[in-house]
Structure formats: structure tokens, C-alpha cells
Engineer: 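My questions will all concern the structure given below.
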Amino acid sequence: MLDTKYNHLEVEKGKYEDWKEKGYFESGDLSKKPYCIVIPPPNVTGKLHLGHAWDTTLQDILIRYKRMDGYDALWVPGMDHAAIATEAKVVQKLRQNGVDKYELGRDGFLDACWDWTHEYAKNIREQWAKLGLSLDYRKEAFTLDENLTRAVKKVFVDLYNEGLIYRGERIINWDPVAKTALSNEEVIYKDDEGAFYHLKYFIEGTDEYLDVATTRPETLFGDTAVAVNPDDERYKHLIGKKAILPVVNKAIPIVGDEHADPTFGTGVVKITPAHDPNDFEVGNRHNLERIVVMNEDATMNANALKYEGMTREECREALLKDLEEAGLLISVEKMVHSVGHSERTDAVVEPYLSKQWFVKMRPLADRVLENQKNKKTKVNFVPPHYEKTMNHWMEITYDWCISRQLWWGHRIPAWYKGDEVYVGVDAPSGDGWVQDNDVLDTWFSSALWPFATLGWPNETDDYKRYYPNSVLVTGYDIIPFWVNRMTFQGLKFTDSRPFKDCLIHGLIRDKEGRKMSKSLGNGVDPMDVIDEYGCDALRFFLTTNSAPGADLRYDEEKVKSSWNFLNKLWNASRFVLMNLEDFKEEDYTLDNLSLADKWILNRLNNVIKEVRKNMDTYDFHNVGNTLYAFIWNDFCDWYIELSKSDMSKTNKSVLLLVLTDIMKMLHPFTPYITEEIYQMLPIKEQPSIMISSYPSIRDFDYQKEEDKLNKILEDIIAIRNLKATNNITKQAKVKYVTDASIENIYRSQLKIKDENILTDSGDNYLTSNYKSKNIDITYYYEGTKEDDSKKDDEIKKLEESIARREKLLSNENYVSKAPAQIVDADRKKLAEEKERLALLKG
RNA sequence: GGGCGAUUAGCUCAGUUGGUUAGAGCAUUUGCCUUACAAGCAAAGGGUCAUAGGUUCGAGUCCUAUAUCGCCCACCA
């Protein structure tokens, strides 16, 4: 017998291991239609957070649903090596042990990274298990696997051969802590306190000077020009002359360039082509020299003269002091401006001139834009407006810097010998070739994830069968990093969208709506939630409390509320199982269904229809609400209550049938409790609910019976209301007239016992009456006069409603233009209202 | 500056191609230990759907403008 309270710890114990052992997570039944999802690979850098729990639960819901519904459902697990993120963590860990990355050397460092990876991969697998995810572990992939590596090399080489990958000297975002280039997506802009420093740049041969404002005085050693707008009346006469660079005392040209905005600052801008992307462009236009003034760790180099060796910050301070003493500092204007920080190390990013590898984006992006116009081959975003996020990125995209000065990752398949460059899958033959030291951006490999995990570039069975993937599930914050890149690489290399649908969810926020972050300390560990409320409660909360694509606030009260719902389900099951203790297979019958049986069966049919529809459109919150309402309101509040005075074999059979379908429909959301209860059912089709069949609607129509009982239930609610508002106690006497076939429903639900039936004339009582088509009932209780206020209220409301409806129906435009069924429904309703009014008045 | 959203009950949110008198959970009020569940049961109150126009027989839903808030991208010498 079940405990009176749902104990999630007991319920969830051991089931995952059991499912896994029995092979229920495994795909490969070729007789079924394939359905495939690849997991967004978590980084091997830490613990899964609530966002992962949400993301993966959505996928597990889909996989479990499709598996039950007769598909060969494959869910590919995997993880991402996360180049810079992992490298930063391993470097930090080594440093704590007094070990330096460079002393350790490349091979030793990679060994340390692999050790780290194995440790964290194990943790992640344990967390997947705690979340109940039905992943096919035989297919698990890692972005540095042999096959992924082969795919990465092929893609690099092919793009290079087509001229879509090139190496060039550009201004890139440099992370001076990790000492690597970053893509624009890896730079986080934050508002920092800074200042506008106004410096004197004397005009050569005069004692006039230009007021040049800069936020970065320390870069002046790299200045190779001063620019003014060619239309700026204040300065245009100076174009062609020279300015004297302060401290350095070098003459640099004054150039006219559109980049100088006459309305911004003083309208004069110093040009540092090696340390600013805009200045780099200006430098190209005017053929200016590029002078790099910093080392890789952002300390000043020899070009910074006596400041060599100082950090950027030290140099700025010392330089400003010297400028001030020399009378070259005009003023300091405090300001807040946004400064780029490295996503992984938080270091202030230095725009830095260096030689890097780039992907030429324009042709690849254009192909995506073209493909999205084709309804049959495009990626279908859910909700659809997220397509705009991708398309906009494709429209404004710039070349992607893919080389990283790291060791942990896919080493760039390029070799150099003198001025010669060789790019190929394998090392070139011959002596003297040296491979590029750099690795690729981690997103370069994850962009291939949907097909490379299935064996591509080989035409494997899995690739042929499961590609393109059925759906990809991820958060909207990952669209620019990942979804976009998978889409253009998929089109480029497989001539296909990587997935048919792309289900986008939002971010998890805290109760106040703030992003969860380490610095705020408002993060919640999903494993703690699971310990306290259970995996099922967490999953149900995560997936049924927000509309698709919207953010979700984590609110412990709502997790509790989910737990309460599961407790309700537990107790309803307990009731059914108690009453079906000796129920045998041969007792099962659906003959002689009662009105209530037909009512719940008809409701169930509608629920199955509704749930299937919403499962297919990813509207899980609707599924949740539908099931919640059906289970709590229809099944528990009415059908179980009505069953208490029935308990025929038919009634028990229907209880079993409905409970079974409830468990099945809920199973993708709450796998554990549904399995637990399924195991206790007296009749079940499969040894596990995981492999049972998803409910389909049955071939009957009890709509009339449903409508009939609904009317009776409305009566019961109205009569209970009458009793409550008039303080009619259970001792009150009652007299009623109703049909014998439905009498028991009223008696049981209104708790009318024989001793309540009025036997005398009733003259000495206060009375309250309720009358409908089905029942005329009067309560007699202490007092002296009839209370009519309820009835009067209803009459007044009815009259208003009738008047409104008559007016509507007399409107020619409405009757002629509105759909017939809408008008008919109004007519029917009007007739009913009139009938009810007549009954109340008569 | 470019793009994308949001604004509905005290709170958190639904509201599917326009179609009765806008829903749920939590919270609130009242009454109940009724033999599955008091983490429960029964009943109830609570919203001029941000604002102003427009289209329509009919607008929370479509269009235009405004306000407020949020996110992404770019720029910030």
C-alpha cells in the first residue's frame, strides 16, 4: 500500500539505473520512424545549472513522448571541450599548485586538460542521471573525439581551398590574460569608469596645438596620424600639415577622414592603427604605419620608450603625470564608457593587431538567408520570431576570427616552411614544416555537432538515418554563437538545414527577475532542488510555467506547488489502487458505463486530443495546464468523488483506464512518479511505462452524456453556494424533486442523508430554493422567512444577458457576417437563458 | 544608432488563425479533520487587458502613434 504522502526520495531511487540497464534509452529499431535530438554539449568546466536542467528536460520530454508514440528516438549525449573556458580553469588550477603552463609544456598541459575533462565529464553524467535524462549513452560524443576532429579538419581544409578561410593581419580582440584572440561574441561590454584625457598635439612649426581627446593615452606611442573631418571648417586648413606627438616628439601627418566626427569631442582624433579597429581602417585609407606598443600580456613594449615593461594601467598613470608636468595635459573629463571584457577571464580586451585565421562570412551567411526563404527547407524556429534574430545576424555579420592562441582544442591544420603555407588534413611530407601553434575557436567544432556526432564526414548509417536532426533545443542567448553557425555549416557541408525545428527557450532568472550569476550569488543548484523536492517536481515546474521562448523566474513556491500536484496525483492513485486491490484482468469491463463513466471518458478523449496537439507544437505549458486541470478538477474533484458511491467493476475499470492514461501523458514530464505508480497498476501492457504506448483518442462519442452531467455539476455547485451563503448546516432539512436516474449524484455530492429529508410541513423554517431543469430543491433551516437574494441576483443577471444577446442577434451585420456556428451558439445560449429565466420566475 | 520583445487580478504568468460576460497558480475572505490527500475539501471576492487613435458586425488579440521596461548587436577617438 502506498504511503499517505508522496516521498520523492523513495520514488526516484534506483529507477534510472534500472531503465538504463534494461536498454530503454537505446535507439536503433529500424522498423520505426527515426526521431533524433543531439544535446547541446555542456562545457566540461563545471556543474550543470538550472538552465541546463530546463534545456535538457525539454529534450527528454520530446524524446520520451516520441519513444512512447512509436518512434525510434535517438538522443545523442555529448560534451564540449570549451577551448578557452577549460584552458583558463586548468591554468588556474595548475597555478594554485605552483605549476606554470609554459613550464609544463604543450603535451604536459594537454594531459592536465584531459584529466580535468574526465573528472568533469563524470560529474556531468551523474547530473544527467539525476535529471532522469533518457540519453543513448552508446552514442556519446566529445568535440575532441577522433571523428569530430576529422570533421573539423575537413571543414577547415575545404573552406581554405575555396577561399572561405584566410589568414590575415587584422585588429582582433585580444585577451591579455589568456593571451589569445577572441571572436566578437566572446567580448562582453561593461560600463566602466573612465575619462576623456585632452592632450596637446602641437602643430609642427607653430605654437598652436590641437586638443586631442582620448580615453586611452597609453596608446599614443602607436599614433601615426591625427584625423579631422575634411568638412570641418575649424580644421580643414590643417590637413596635410603635421602634428607633434607628445612625449615621443615625432611629427605625424594630419589627415582628413570621415571617421572624425565634428560633433563628437573636439572633432580631432588620434589614429592608432595597431590598437583600434576604426583607426586600422583609417590607416588603410591613408597608408599609415602600424605600430604595436604592447606585448601579448598587455605590458608596454619597446615602442613605449621609457615606459617599456609597465602594464597598460601603470603606463597610463606614469604617462599622464609626465604629460601634466610637461604642460601637455589640458584637462581630464570623467566619463563612463563601455569597455570590452573577455567572457572567460574578464580581462579588459585589448584591440590588437595580429595575424589570425578568419572565416569569410558573407557567402556562407547569404546562403542561410536564401534558404530561410524556402518553407520546406528552412530551420523552423519556435517561437517563430527568433528566426529574425538569426537572420539579422546573418545580414550584419563580419568575418569570424577562428584562431586562438591556446593549446586545448583543435590545432589548426596549417604548416609553415619559410614563406610557404600548407593546409591539409595530414601533415605535409618533407622536412622543415612547422605546424601552426594555434587552435580553433571552440564554436568551430560545435558548429558541426548535429552531423559530426552522427559520423559525418563518413556516410554512416546513423548519419543517413538521423540527419537532419528533428529538433534542436537551446536558449535564445546561444543563437548567435551556435545556432547560426550550425546552420551555415550545415548548409555548406551537408546541403541541408541541420535540424528541422529549433525550439528556443529563455533564461532562468531569480525570483526578482535578475539573471542568475556568480557575482550576485543568486544561483540555484538544480541538484539541491532535486534533493528537496525531487526531480519530477523540478521538471514539471521548469517546463509548464512559461510560454515558449519566454524567460522563467525561479520561484521555490512554484516548485512546491508542483510537488503538491504530484502529491495530489499520488493520493488519487492511492485511492484507485486501494479500491482495485483484488482487481483481476478478467474483471476489466467497459459494459454498462454510468453517466459519470461516460463523462470522464469523454473528457479524457478531449484531453488526449488537446495534449497531443500541444506536444506536437511544443506548447508544454498548455499540456501542463491541461493535465493539471484534468487530474485535479475532473478526475479527483468529480470523478473520484462520484466513484465513491459506485465502485462497480465497470467503474473500477474506468478508474484504471483513466489513471493509466494520465500516467502515460504525464510520464515525459515526471518520469519517476509515473513509473512508480504504473508498476503498481493491476493491469499493464509493458514492464515499464517508458516503453508503453502513448494514449490515443478512443472511438466513441459521449459528448451528450458529458453535457448532461456538466449541467448536473453546475446545479451542485450552485446548491453548495446557496448553502454556503445562507449558512445552511448539514443538519438542515431538505426536500427535492429529481429524476431517479440522477438522484444519487445529487444525494452523494450534496451529502443528503435520509435523516435530512423533511418530513413535516416545513412551515416553521426559513427556506432556500434552487430550481433547474434537473432538480427542484429546497432547504429548510432555523428562521422564519424565505431567503430569495440568490435567486433575485441570478434573475437580474439573466435578464441583462438576454437583453445583450437579443441586441446582438438583431444586428443584421452580425448575423450575416459572423460564422454560422458562432451565431448558432448564441441563439442556443439565448434559448437556454430564456428557459432558465422562465423556470426561476415560474 | 540597428534589431527583437514585453506591458493582462495584490504577485507570477497563460490567453493558439479576431468570436459568449478575459483564465490559472499563489495570496486573500468564509466554512469544513467529509473513510485518497489539511501540502487537503467546499464556496467566494478580485482585472476600464500601459495610453491614444484606427480597421471590423465584433479587438487583450490586427494596424498606427506614444509612454515605460527588458534583451541582442554596433558605436563610444
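So you know, we letter chains A, B, ... as the sequences are listed, proteins then strands, and number each from 1.
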Engineer: For the pair A:Arg805 and A:Glu832, find out whether any cationic side-chain nitrogen is under 4.0 Å from an anionic carboxylate oxygen.
Structural biologist: no

Engineer: Does a salt bridge link A:Lys829 with A:Asp826, judged by any charged N lying under 4.0 Å from a carboxylate O?
Structural biologist: no

Engineer: Is the A:Phe541 ring parallel, tilted or perpendicular to the A:Tyr554 ring (thresholds 30°, 60°)?
Structural biologist: perpendicular

Engineer: Picking from B:rA74, B:rG15, B:rA36, which would you name as closest to the side chain of A:Ala572?
Structural biologist: B:rA36

Engineer: B:rA24 and B:rC71: how far apart are their P atoms, nearest whole angstrom?
Structural biologist: 32 Å

Engineer: Heavy atom of residues 636-646 of chain A under 4.0 Å from RNA chain B: which residues?
Structural biologist: A:Cys636, A:Asp637, A:Ile640, A:Glu641, A:Lys644

Engineer: Which value, in whole Å, describes the distance between the C1' atoms of nucleotides B:rG60 and B:rG19?
Structural biologist: 13 Å

Engineer: For B:rG40, does either OP1 or OP2 sit under 4.0 Å from a side-chain N or O belonging to A:Asn564?
Structural biologist: yes

Engineer: Considering only atom C1', compute the distance from B:rU17 to B:rU21 and round it to an integer number of Å.
Structural biologist: 23 Å

Engineer: Quick one: salt bridge (charged side-chain N to carboxylate O under 4.0 Å, His left out) partners of A:Lys796, sequence neighbours excluded?
Structural biologist: none

Engineer: On the nucleotide B:rC41, are OP1 or OP2 found under 4.0 Å from the side-chain N or O atoms that A:Trp632 carries?
Structural biologist: yes

Engineer: Looking at A:Tyr189, I'd like to know whether one of its side-chain N or O atoms comes within less than 4.0 Å of OP1 or OP2 on B:rC72.
Structural biologist: no

Engineer: Cation over ring, A:Lys644 on A:Phe575, under 6.0 Å and within 45°?
Structural biologist: yes

Engineer: Would you call A:Lys200 and A:Leu323 a side-chain contact if the rule is heavy atoms closer than 4.5 Å?
Structural biologist: no

Engineer: NA contact type, A:Ser801, heavy-atom cut-off 4.0 Å: base, sugar-phosphate, or nothing?
Structural biologist: base

Engineer: Expressed in whole Å, how much space separates the C1' atoms belonging to B:rG70 and B:rC63?
Structural biologist: 24 Å

Engineer: Expressed as a whole number of Å, how far does the P atom of B:rC4 sit from that of B:rU8?
Structural biologist: 22 Å

Engineer: Pick out the pairs of N or O atoms, protein on one side and nucleotides 45-48 of chain B on the other, that lie under 3.5 Å.
Structural biologist:
none

Engineer: So what stems show up for RNA chain B if we need 3 or more Watson-Crick or G-U pairs in a row, all under 3.5 Å?
Structural biologist: B:1-7 with B:67-73, B:10-13 with B:23-26, B:28-32 with B:40-44, B:50-54 with B:62-66

Engineer: Between B:rU20 and A:Arg805, counting only base atoms on the nucleotide and side-chain atoms on the residue, is there a donor-acceptor pair under 3.5 Å?
Structural biologist: yes

Engineer: Report the distance from atom CD1 of A:Ile478 to atom P of B:rC73, rounded to the nearest whole Å.
Structural biologist: 11 Å

Engineer: Among all residues two or more places apart in sequence or in another chain, which pass the salt bridge (charged side-chain N to carboxylate O under 4.0 Å, His left out) test with A:Arg362?
Structural biologist: A:Asp366

Engineer: Could you give the distance separating B:rA52 and B:rC11 at their C1' atoms, to the nearest angstrom?
Structural biologist: 29 Å

Engineer: Describe the nucleic acid contact of A:Asp276 in one word from base, sugar-phosphate, nothing, applying a heavy-atom distance below 4.0 Å.
Structural biologist: nothing

Engineer: Considering only atom P, compute the distance from B:rC62 to B:rC26 and round it to an integer number of Å.
Structural biologist: 30 Å

Engineer: Once salt bridge (charged side-chain N to carboxylate O under 4.0 Å, His left out) is applied, do any residues pair with A:Arg804, and if so which ones, sequence neighbours excluded?
Structural biologist: none

Engineer: Could you tell me whether A:Tyr6 contacts a base, only the sugar-phosphate backbone, or nothing, with contacts defined as non-hydrogen atoms closer than 4.0 Å?
Structural biologist: nothing

Engineer: It should be established whether A:Asn721 places a side-chain nitrogen or oxygen under 4.0 Å from OP1 or OP2 of nucleotide B:rA44.
Structural biologist: yes

Engineer: Does a side-chain N-to-carboxylate-O contact under 4.0 Å join A:Arg836 and A:Glu794?
Structural biologist: yes

Engineer: Grab the CE-C1' distance between A:Met680 and B:rA36 for me, whole Å please.
Structural biologist: 13 Å

Engineer: Is there a donor-acceptor pair under 3.5 Å between the side chain of A:Asn756 and the backbone N or O of A:Ala732?
Structural biologist: yes

Engineer: Using a strict 4.0 Å threshold on nitrogen-to-oxygen distance, state whether A:Glu258 and A:Arg285 make a salt bridge.
Structural biologist: no

Engineer: So, does A:Lys560 get its side chain near the phosphate of B:rC26, meaning an N or O under 4.0 Å from OP1 or OP2?
Structural biologist: no

Engineer: Name the orientation class of the two ring planes belonging to A:Phe196 and A:Phe264 (parallel below 30°, tilted from 30 to 60°, perpendicular beyond 60°).
Structural biologist: perpendicular

Engineer: Taking 4.0 Å as the cut-off, does a side-chain nitrogen or oxygen of A:His337 come that near to OP1 or OP2 on B:rA77?
Structural biologist: yes

Engineer: For a salt bridge (charged side-chain N to carboxylate O under 4.0 Å, His left out) check, start with the C-alpha distance between A:Lys515 and A:Asp551, then their side-chain angles and the critical distance, and finish with the verdict.
Structural biologist: CA-CA 10 Å; A:Lys515 258 189 193 173; A:Asp551 288 349; over 6 Å; no

Engineer: For A:Glu395, give me all partners under salt bridge (charged side-chain N to carboxylate O under 4.0 Å, His left out), at least two apart in sequence or on another chain.
Structural biologist: none

Engineer: In whole Å, measure the gap between the P atoms of B:rG10 and B:rA50 for me.
Structural biologist: 13 Å

Engineer: Separation of A:Arg827 atom CZ from B:rU20 atom P, in whole Å?
Structural biologist: 17 Å

Engineer: Just list the side-chain donor-acceptor pairs under 3.5 Å for residues 558-566 of chain A, sequence neighbours left out, or say none.
Structural biologist:
| residue | atom | partner | partner atom | Å |
| --- | --- | --- | --- | --- |
| A:Ser562 | OG | A:Lys558 | O | 3.2 |
| A:Trp563 | NE1 | A:His8 | ND1 | 3.2 |

Engineer: Go along nucleotides 1-12 of chain B 5' to 3' and tag each nucleotide: B for a protein heavy atom under 4.0 Å from its base, S when only backbone or sugar atoms are that close, - otherwise.
Structural biologist: -BSSS------B

Engineer: Please tell me which of the listed nucleotides, B:rA14, B:rA36, B:rA77, lies nearest to the side chain of A:His621?
Structural biologist: B:rA14

Engineer: May I have the distance from A:Asp191 (atom CG) to B:rC75 (atom P), rounded to whole angstrom?
Structural biologist: 15 Å

Engineer: Go through B:rC71, B:rA77, B:rA14 for me and flag the one nearest to the A:Phe264 side chain.
Structural biologist: B:rA77

Engineer: Sequence neighbours excluded, which residues qualify as side-chain hydrogen bond (donor to acceptor under 3.5 Å, both in side chains) partners of A:Trp638?
Structural biologist: none

Engineer: Is any side-chain heavy atom of A:Asp211 closer than 4.5 Å to a side-chain heavy atom of A:Val268?
Structural biologist: no

Engineer: Polar-atom pairs under 3.5 Å, protein N or O versus N or O of nucleotides 57-60 of chain B: list them with distances, or write none.
Structural biologist:
| residue | atom | partner | partner atom | Å |
| --- | --- | --- | --- | --- |
| B:rC57 | OP1 | A:Lys817 | NZ | 2.0 |
| B:rC57 | O2' | A:Asn811 | ND2 | 3.2 |

Engineer: Can you list the residues that meet the side-chain hydrogen bond (donor to acceptor under 3.5 Å, both in side chains) rule with A:Tyr639, with sequence neighbours excluded?
Structural biologist: A:Asp597, A:Asn651

Engineer: Exactly one of A:Thr224, A:Asn284, A:Thr272 should register a side chain to side chain donor-acceptor pair (under 3.5 Å) with A:Arg290. Which one does?
Structural biologist: A:Asn284

Engineer: Rounded to the nearest Å, what distance is computed from the CZ atom of residue A:Arg720 to the C1' atom of nucleotide B:rU34?
Structural biologist: 11 Å

Engineer: Looking only at side-chain atoms of A:Asn625, point me to the closest of B:rA39, B:rA14, B:rU16.
Structural biologist: B:rA14

Engineer: Taking atom P of B:rU56 as reference, at what distance in whole Å does atom CD of A:Glu812 sit?
Structural biologist: 18 Å

